Amino acid sequence: MRRIPTLLRAGALVLACLLPSCVGTIGGAPDEQQAVESIPERSAFPRLTHTQWENSVRDVLRLEQRPGLSTSFTGDPLGGVFDNNEAVLAVTPNLWADYQRAAEELAAMIVADPAKVALLVPADEGQGDEARARAFIEAVGKRAYRRPLTAAEIDEHVALFNLAPTVIDGDAFLAGVAHVLSAFFQSPHFVYRVEGTREPREDGLIPLGSYELASRLSYLLWNTMPDDVLFDAAAAGELDTKEGLRAHAERMLADPKAREVILSFHSQLFDWRKFEDLYKDPAVFPEFVPEMGQDLVREAELFVEDVVFAQEGGLHELLTSRTAFVNERLAAVYEVDAPSGAEFGKVELDPEKRSGILTRAGFLAANGTARASDPIHRGVFVNLRILCARLPPPPNNVPPLPPAEGKTTRELVAAHTGKGTCGASCHGTLINPAGFAFENYDAIGRYRTEDNGFPVDAADAYPLGGGMASFDDAITWSQMLAESREANECFARNWLEFAYGRDAEVEDAVLIEKLGEASRTGMSVKELLLELVGSEAFSTRRPVEVAP
């Protein structure tokens, strides 16, 4: 197949790039702006993440697997905790070249396989090539743009289809299919989740259109484009009411595809990626073999799935449940019987030694050194990810702690960073207490009562609920976190940022406080998601378009 000349290719794709300006006010008088300031501004053009690009391509083309082309895409900068933050998902020149190359590869792959073509193009039953082309464009274009194409867009793509034989060799009809597919996957309407509805309500907020709501819902709960049922619901106006939106959100949460999103949130929040590359000194921990990294990831996945879908639980269960899933290697760490006949088996851990995800080997090993516990990193993690505390960055060129000869790790850390030292303001009050709670666990997460031959002291106090709250160990610390306003509001804030794909803003404070209190009193993760879907911030936007 002949390559399409660059200039011609660019000109042919102009029709797909006719987007309105990404910056500027598109409606709302000053008094109306005042009325809508309870909803944060956000981009009307959030870009697909690389995972969403993969999932969307798979579903647009009716493939069984994701094509895997995004593994060579230009990477995105880190923008906070989650990978879907619209503020950092820009299209750089290099990424645009990646999109172009991938679009052409996808088109070539499809037309080279008659079975794949048959999934997209109506069979030839004598209706004529243009009718077949038009039906193909309407069906595939609806999935690619997550909405029905306008009549003008259909005509423009038919023109593209007919132009293809002048720039691509081989079968004329297949050339048209390839040319249009390449255009679809290079279009901003595919790369961005375009929210172009512009008509404000009386209160100044712009309610999203049905297909825009379908996209928000689908990318939140499935991380991909809407399915046919959701498209039909959008066409029937079923998503235009909060009740209808919730009904479809409940349907989607019950689908196995929702598990990928639930796991993605917790994987990023608890940084499971670190589990896979852990190194522990084999002279100290000969049982920590390289395969344990994957074991820890799988254990975490099974635990979260059990809490969210089997227990219908929320943050309280994540921080207090003793249910665990272990294989033979992890059973030894937790001092439980290894499951028989299965790679991973469900067990109940000792309530005197374990309580929830922060007392599991994954978190503890990922925040331990090669040889010892690491209360500083464990404390920083809890402050930032569990309590949303604001910590200043550490000073530069901080030397490592000396060996803990004749002392416990806690004594060593306290002597260098605790009260009476230059690090007392952060370490003494926030970081060290939150990390000392886990001193009953060594560098791979095994329970211990001694450290360097001395008794472990895991008790301390942390400022919660407007006062200093004392705890004895990680068990009581986890319970306190599960019941605290601070941790539950942090959990709600993290979910809001993940669900909406943006940073939390001051306008979100009321919703975060409401969801945090509901979480503190027992709201499940699934119900929290449904509440986010039912909020005004999910179904409307302010009359300002903000480009990433």
Side-chain angles (χ1 to χ4, degrees), residues 39-40 42-56 58-59 79-87 89 143 146-147 192-195 197 207-227 229-231 233-234 238-269 304-305 308-309 314 491-505 508 511-512 515 519 523-541 548:
I39 302 295
R42 64 166 302 170
S43 174
F45 306 96
R47 202 207 78 198
L48 299 182
T49 67
H50 292 348
T51 300
Q52 290 169 346
W53 184 95
E54 287 278 351
N55 291 342
S56 300
R58 176 199 62 198
D59 295 340
V81 176
F82 304 111
D83 65 1
N84 64 346
N85 190 320
E86 64 187 22
L89 294 180
R143 296 199 294 275
R146 278 86 68 176
R147 59 168 174 77
Y192 294 92
R193 293 191 288 116
V194 178
E195 295 175 350
T197 301
L208 296 183
S210 295
Y211 288 98
E212 293 164 354
L213 284 170
S215 280
R216 276 200 184 183
L217 196 57
S218 189
Y219 282 99
L220 165 57
L221 299 180
W222 286 350
N223 218 24
T224 188
M225 52 165 277
D227 66 352
V229 175
L230 204 53
F231 275 138
E238 295 175 12
L239 306 180
D240 297 341
T241 66
K242 291 189 181 300
E243 294 77 13
L245 203 56
R246 181 183 175 96
H248 279 278
E250 290 175 337
R251 173 184 72 85
M252 297 171 73
L253 277 171
D255 189 286
K257 285 186 285 189
R259 300 194 174 217
E260 178 184 333
V261 170
I262 296 292
L263 292 181
S264 177
F265 168 82
H266 290 89
S267 174
Q268 294 180 67
L269 181 61
V304 167
E305 283 191 329
V308 175
F309 294 101
F491 192 60
R493 177 191 181 97
N494 281 315
W495 263 117
L496 182 147
E497 293 191 343
F498 180 81
Y500 296 166
R502 60 169 173 79
D503 294 331
E505 303 291 347
D508 296 309
L511 179 59
I512 290 173
L515 294 177
S519 173
M523 175 182 276
S524 68
V525 168
K526 289 201 291 188
E527 187 62 33
L528 192 155
L529 272 167
L530 293 171
E531 288 293 319
L532 284 169
V533 168
S535 74
E536 284 287 274
F538 184 84
S539 59
T540 65
R541 62 183 175 86

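Remember, it's a predicted structure, so these values are computed and weren't measured experimentally. Sequential numbering from 1 along the given sequence is applied to the chain's residues.
Contacts classified as salt bridge (charged side-chain N to carboxylate O under 4.0 Å, His left out) and involving residues 208-223 (residues at least two apart or in different chains) are given here: Glu195-Arg216.
Atoms OG and CD1, on Ser539 and Ile39 in that order, are 8.0 Å from each other to the nearest 0.5 Å. Taking CD of Glu527 as the start and CG of Leu515 as the end, the distance is 10.0 Å to the nearest 0.5 Å. Atom CG in Leu208 sits 11.0 Å away from atom CG in Leu239 (nearest 0.5 Å). Atom OG of residue Ser264 and atom CG of residue Leu269 lie 11.0 Å apart, to the nearest 0.5 angstrom. Taking CG of Asp59 as the reference point, atom OG1 of Thr224 lies at 3.5 Å (rounded to 0.5 Å). Atoms OG and CG, from Ser535 and Leu245 in turn, are 9.5 Å apart once rounded to the nearest 0.5 Å.
Under the ring pair (Phe, Tyr, Trp, His ring centres under 6.0 Å) criterion, Phe498 pairs with Phe82, Phe265, Trp495, not counting sequence neighbours. Looking at residues two or more places apart in sequence or on another chain, you find no side chain to side chain donor-acceptor pair (under 3.5 Å) involving Lys257.
Ion pairing between Glu54 and Arg58 fails under the 4.0 Å rule for side-chain N and carboxylate O.
Checking side-chain atoms of Arg42 against main-chain N and O of Tyr500 turns up a donor-acceptor pair under 3.5 Å. Glu86 places a side-chain N or O within donor-acceptor distance of the main-chain N or O of Ser43, the cut-off being under 3.5 Å. Under a 3.5 Å cut-off, the side chain of Thr540 and the backbone N or O of Glu536 do form a donor-acceptor pair. Side-chain atoms of Gln268 come within 3.5 Å of backbone N or O of Asp83 as a donor-acceptor pair. With hydrogens and angles ignored, the 3.5 Å screen pairs no side-chain donor or acceptor of Asp255 with any backbone N or O of Ala258. Looking only at distances, no side-chain donor or acceptor of His248 sits under 3.5 Å from a matching main-chain atom of Gly244.
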Practice task
Could you give me the CA-CA distance, side-chain angles and deciding distance for Thr49 and Tyr219, then say whether side chain to side chain donor-acceptor pair (under 3.5 Å) is met?
Solution key: CA-CA 10 Å; Thr49 67; Tyr219 282 99; over 6 Å; no

Handout entry: Leu230 vs Arg251, side chain to side chain contact (heavy atoms under 4.5 Å, CB included): CA-CA, chis, key distance, verdict
Key = CA-CA 10 Å; Leu230 204 53; Arg251 173 184 72 85; 4.1 Å; yes

Practice task
Report the C-alpha distance between Asn84 and Asn223 in whole Å, list the side-chain angles of each, state the deciding distance to 0.1 Å, and finish with yes or no for side chain to side chain contact (heavy atoms under 4.5 Å, CB included).
Solution key: CA-CA 10 Å; Asn84 64 346; Asn223 218 24; over 6 Å; no

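Considering only heavy atoms from C-beta on, Glu305 stays 4.5 Å or farther from Ile262 through its side chain. Put simply, the side chain of Leu532 reaches to within 4.5 Å of the side chain of Leu528, judged on heavy atoms. Side-chain contact between Leu89 and Pro46 is absent, with no heavy-atom pair separated by less than 4.5 Å. Looking at heavy atoms from C-beta onward, Glu531 lies in side-chain contact with Arg246 at the 4.5 angstrom threshold. With contacts defined as side-chain heavy-atom distances shorter than 4.5 Å, the pair Phe309/Lys526 qualifies.
Closest non-hydrogen pair, Ser210 versus Ala234, comes out as CB-O, 3.3 Å. Taking both residues in full, the closest heavy atoms of Trp222 and Asn55 are given as O-ND2, 4.3 Å, listed atom of the first, atom of the second, then distance. Counting all heavy atoms, side chain and backbone alike, Pro207 lies closest to Thr197 at O-CG2, 3.5 Å.
Leu221 pairs with exactly one of Glu260, Met252, Glu250 by the side chain to side chain contact (heavy atoms under 4.5 Å, CB included) rule, that one being Met252.
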